[in-house]
Amino acid sequence: MPELPEVETIARALRIGGRVYPDGSVGQAVQGQIIQSAAVLWPRTVAYPTAAEVEAHLPGQSILQIGRRGKFLVFSLDRDHLLIHLRMSGDLIVEPVDRPLAPHHRFWIGFQDGLRLVFNDPRKFGRIWLTRDPENVLGGLGPEPLSPEFTPQEFFTRLQKYHRQLKPLLLDQSFLAGLGNIYSDEALHRARLHPLRLSHTLQQEDAGRLWQAIREVLEEGILKQGSSIDWVYRGGDFQDSFRAYQRTGQPCPNCGTPIERIVVGQRSTHYCPHCQSIDR
DNA sequence: ACGAGCGCCTGTCGGC
DNA sequence: TGCCGACAGGCGCTCG
């Protein structure tokens with residue numbers, strides 16, 4: 001599920017609790033909990049250091065703070081930082097330790113009061129890191145799109161710097177942290193920019209519209225608690241606000257022209273051929 | 001400096 | 001019904 005709004009939704013739920021899962025149970029907060037045990041069920045889930053070291057180093061540490069950087073969840077512990085990337089199909093679930101382990105559980109942390117935090121990930125693409133310095137992992141990320149440091153002027157300048165198609169550029173986490181396939185298609189549609197338009201051809205006004213559109217779709221996404229699509233229900237409602245993503249053949253909300261689907265960088269890309277013209 | 005292709009994985013869906 | 005390809009919210013790698 002994981003783009004910025006979904007990861008932010010999960011981070012908030014782990015901080016304050018109250019997330020309702022598909023089975024109707026309600027997840028509790030885990031911020032402040034003391035880790036009692038840790039188990040890695042699929043060793044390749046651990047990107048760094050090793051499954052054995054993760055299991056050895058986590059017990060005894062407290063979860064002081066739960067944050068997000070781009071699509072990474074950041075757990076600040078007494079000594080280390082636990083970083084989790086959900087990739088395509090990962091999710092974090094808080095449940096009682098006496099519940100049987102589900103087939104797609106890859107990693108879990110047990111707490112003193114009988115709860116555990118589980119990393120569930122059917123496709124096994126998700127990764128975790130345990131490191132003293134989170135910058136080792138997060139250092140290459142581009143700006144945080146909802147932060148005050150991300151300004152229209154700075155965005156315009158960096159768009160000029162590259163001669164790249166907008167869609168792959170927006171998906172590049174070193175350019176901007178947090179956008180994925182859904183929110184980049186939605187942002188480009190709202191900004192009325194073609195996904196293959198080259199970044200350096202944007203005028204300041206185009207860049208300003210794109211900057212605004214990115215902030216809008218992310219803020220709306222967070223407000224709606226992310227997008228729920230396909231067979232994995234997540235609880236968010238932003239899918240009801242899609243204007244382009246997965247709307248191939250359906251009318252553009254602006255002009256009625258059928259939305260088209262092309263493949264860019266191996267990813268489905270949805271856009272309105274009328275509103276999002278390739279030439280300015 | 002770019003974009004394309006592929007691998008990593010499991011599951012769902014539509015067509016035949 | 002069963003099989004088979006296309007496709008899925010991500011990203012790191014190689015290759016031109």
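Each chain gets a letter, A, B and so on, in the order the sequences are listed, and its residues count up from 1. The figures that follow rest on heavy atoms only: side chains count, while hydrogens, waters and symmetry mates do not.
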State whether [X] places a side-chain N or O below 4.0 Å from either non-bridging phosphate oxygen (OP1 or OP2) of [N].
X	N	answer
S268(A)	dC7(C)	no
R44(A)	dC9(B)	yes
K71(A)	dG10(C)	yes
R267(A)	dA8(C)	no
K161(A)	dA1(B)	no

Query - Donor-acceptor pair present, E3(A) side chain and dG9(C) base, under 3.5 Å - result: no
Query raised in the report: Does the base of dA8(C) carry an N or O that pairs as donor and acceptor with the side chain of R123(A) under 3.5 Å?
Result: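 For R123(A), whose side chain was compared with the base of dA8(C), there is a donor-acceptor pair (under 3.5 Å).
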Requested in this report: Using both pair distances under 3.5 Å as the test, note the stems of at least 3 consecutive Watson-Crick or G-U pairs that include DNA chain C.
Outcome: B:2-8 with C:10-16, B:10-16 with C:2-8
Query raised in the report: Distance from L188(A) atom CG to C275(A) atom SG, nearest 0.5 Å?
Result: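 L188(A) CG to C275(A) SG: 13.0 Å, rounded to 0.5 Å.
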Query raised in the report: Y183(A) near the nucleic acid: base, sugar-phosphate alone, or nothing, with a heavy-atom cut-off under 4.0 Å?
Result: nothing
Report task. Would you classify Q173(A) as touching base, sugar-phosphate or nothing, given that sugar-phosphate means primed atoms plus P, OP1 and OP2, and contacts are heavy atoms under 4.0 Å? Result -> sugar-phosphate
Report task. Could you verify whether a donor N or O on one side chain and an acceptor N or O on the other, from E149(A) and S147(A), lie under 3.5 Å apart? Result ->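 A pair is found: one side chain offers a donor N or O, the other an acceptor, under 3.5 Å apart.
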Query raised in the report: E8(A) pairs by salt bridge (charged side-chain N to carboxylate O under 4.0 Å, His left out) with which of K71(A), R69(A), R68(A)?
Result: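 Of the listed options, the one satisfying the test is R68(A).
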Query raised in the report: Should V137(A) and I84(A) be regarded as members of a common hydrophobic cluster, given that ILVMFWY residues are connected when their side-chain heavy atoms come within less than 4.5 Å of each other, either directly or indirectly?
Result: no
Query raised in the report: With a centroid cutoff of 5.5 Å and a plane-angle limit of 30°, would you call F125(A) stacked on dC8(B)?
Result: yes
Report task. Please check if atom CD in E205(A) has more than 12 non-hydrogen atoms from other residues, nucleotides or ligands closer than 6.0 Å. Result ->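 It does not: E205(A) CD has 12 such atoms or fewer within range.
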Query raised in the report: Would you call R192(A)-D206(A) a salt bridge at under 4.0 Å N-O?
Result: no
